[in-house]
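Structure first, then comments.
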Amino acid sequence: MIRIENVSKSFGSFKALDGLSLHAGEGTVLGLLGPNGSGKTTTVKILTTLLAPDSGDARVAGHSVLAAPALVRRNLGLSGQYAAVDEKLTAFENLHMVGRLYGMNRRTASARAHELLEGFRLTDVANKRSGTFSGGMRRRLDLAGAIVARPKVVVLDEPTTGLDPRGRLDTWDVVSRLVSDGTTVLLTTQYLEEADRLADNIAVINHGRVIAEGTATELKQSAGTERISVVLRYASDLSAAAAALDAATGSGVSPDIDPQNLGVSIAAPQGHRTLVRILSDLDAVGIPVEEASLRRPTLDDVFLQLTGHAADQARQKEEVAA
Ligand SMILES: Nc1ncnc2c1ncn2[C@@H]1O[C@H](COP(=O)(O)OP(=O)(O)O)[C@@H](O)[C@H]1O
Ligand SMILES: [Mg+2]
């Protein structure tokens, strides 16, 4: 349903996409995961015909964005990174208008609008101007707008960024329902938990290139081993503790230090044996430990390994940039 083949795109001398390829089969969710500036929105724009690739091609339901952009658009629903609702219109009018733009008659557009308002918990505010809505309500309305015409492929660019936990759960529910109806979804996200939960396949991108792909389970396995984390009592012990972890694993991979939470963590191929050694080493040098744990790799670890920074660091940078 989605085939992106070897797409490159530069802005001036800056290469935003560098031979990117992605595929998604019918009724699956492809999660596109990458730090700020990695090329997620550029990919979305090319797939949705808003931007032309310099080279390569992208297909939606078999139609090329270069050769048949109108057919691509007919098969596609998009919810962009920033919710695009018409603030002067009510929730109902927004959805009704989209239905009419897709060629539905008044009655069909109206029935579809009401159905979606219900599904997205917007019935109570159906006749309120969307300009008065909260971020979460706007997002829901925008998502509803993307699926008015029951497109075969839905593209969601960071659908839950800026939403509260309730809004995020709602959105996840919508995506799950879409997929159970056979819709194919491309979802970009900066939330690993979201990709983990929703995506059948995940492509991790950085600098406009796919640097890893697979199911969440496969990616976690590729991140290898278990991980040891310790939380210290004193910030002044952070670097000494990091050195101790480094020595105990002997892997040559630097520990990850989280100064805010007084945490130090490191990949530990030997699992609990390394944990025992670390605790005794720290004890021997008089570094008090508040918490210690051993855990399986998460997508966060995968992300850290692949991109060299933690997902929440990437997120913080993005927030600063925004
Ligand atoms: N229209 C543009 N002109 C110049 N640079 C752009 C433009 N759009 C995106 N970029 C740059 O391309 C890179 C990828 O951007 P984008 O696809 O928006 O990343 P993401 O959505 O992953 O944060 C960024 O470095 C961004 O600054
Ligand atoms: Mg983006």
Side-chain angles (χ1 to χ4, degrees), residues 1-5 7 20-34 38-50 58-63 65 71-84 95 98 102 112 115-116 119-121 136 138-163 167-205 210 212-219 299:
M1 271 295 154
I2 298 174
R3 292 195 86 82
I4 296 176
E5 300 287 1
V7 162
L20 185 93
S21 297
L22 294 172
H23 307 116
E26 185 162 10
T28 65
V29 179
L30 173 63
L32 192 57
L33 192 62
S38 57
K40 300 183 298 295
T41 297
T42 305
T43 305
V44 163
K45 285 186 176 164
I46 287 173
L47 188 67
T48 56
T49 76
L50 297 174
R59 292 178 175 272
V60 171
H63 305 293
V65 296
L71 286 173
V72 169
R73 287 195 286 269
R74 195 170 300 165
N75 282 284
L76 198 84
L78 166 67
S79 173
Q81 185 165 2
Y82 302 100
L95 297 180
V98 175
Y102 273 100
R112 181 69 175 143
E115 183 183 6
L116 288 167
F120 286 79
R121 295 192 298 109
R138 249 172 232 241
R139 229 334 153 187
R140 297 210 299 276
L141 183 59
D142 188 53
L143 283 170
I147 61 173
V148 165
R150 295 190 178 82
K152 288 190 186 138
V153 173
V154 173
V155 179
L156 307 173
D157 196 6
E158 299 200 16
T160 64
T161 298
L163 292 192
R168 188 161 297 159
L169 285 174
D170 276 352
T171 306
W172 290 354
D173 187 47
V174 170
V175 175
S176 307
R177 270 189 290 154
L178 279 177
V179 177
S180 65
D181 286 349
T183 310
T184 305
V185 178
L186 174 74
L187 167 123
T188 80
T189 186
Q190 40 180 320
Y191 299 109
L192 300 160
E193 190 194 349
E194 184 160 291
D196 202 351
R197 173 139 170 190
L198 293 177
D200 298 292
N201 288 293
I202 297 171
V204 183
I205 69 167
V210 175
E213 57 189 324
T215 63
T217 311
E218 285 165 357
L219 287 173
L299 277 181

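Numbering starts at 1 and runs along the sequence shown. Because only heavy atoms are used, hydrogens play no part in the values below, and waters and symmetry mates are left out as well, while side chains stay in.
- Taken from CD1 in I2 to CD in E26, the straight-line distance is 11.0 Å, to the nearest 0.5 Å.
- Here the side chains of K40 and E158 are in contact, with some heavy-atom distance below 4.5 Å.
- Classification of E115 and R112 as a salt-bridged pair holds, one side-chain N sitting under 4.0 Å from a carboxylate O.
- Rounded to the nearest 0.5 Å, atoms CG (L178) and OG1 (T183) are 5.0 Å apart.
- Partner of T188 under the side chain to side chain donor-acceptor pair (under 3.5 Å) criterion, chosen from T41, D157, T161: D157.
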### Task
Show your working on salt bridge (Lys or Arg N to Asp or Glu O under 4.0 Å) between D173 and R177 and close with a plain yes or no.
CA-CA 6 Å; D173 187 47; R177 270 189 290 154; 3.7 Å; yes
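- With a 4.5 Å cut-off on side-chain heavy atoms, T160 and E194 count as touching.
- Between V154 and S79 the shortest side-chain heavy-atom distance does not fall below 4.5 Å.
- The two residues L30 and A24 come nearest to each other via the heavy atoms CB-CB, 3.9 Å.
- A cation-pi arrangement is found for R168 relative to Y191, the charged atom lying closer than 6.0 Å to the ring centre and inside a 45° cone about the ring normal.
- The two residues T184 and G27 have their closest heavy-atom pair at OG1-N, 3.0 Å.
- Applying the 6.0 Å contact sphere to CD of E193 captures no more than 12 heavy atoms from other residues, nucleotides or ligands.
- The residues D142 and R138 are annotated as not salt-bridged, no charged nitrogen and carboxylate oxygen being separated by less than 4.0 angstrom.
- Annotation: side chain of T28 is not in contact with side chain of V179 (no heavy-atom distance under 4.5 Å).
- Considering only heavy atoms from C-beta on, D200 stays 4.5 Å or farther from T215 through its side chain.
- For the pair V204/V210, no side-chain contact is recorded, criterion being any heavy-atom separation below 4.5 Å from C-beta on.
- By the 4.5 Å heavy-atom criterion applied to side chains, V7 and T43 are not counted as neighbours.
- Between L20 and I205, some side-chain heavy-atom pair lies under the 4.5 Å cut-off.
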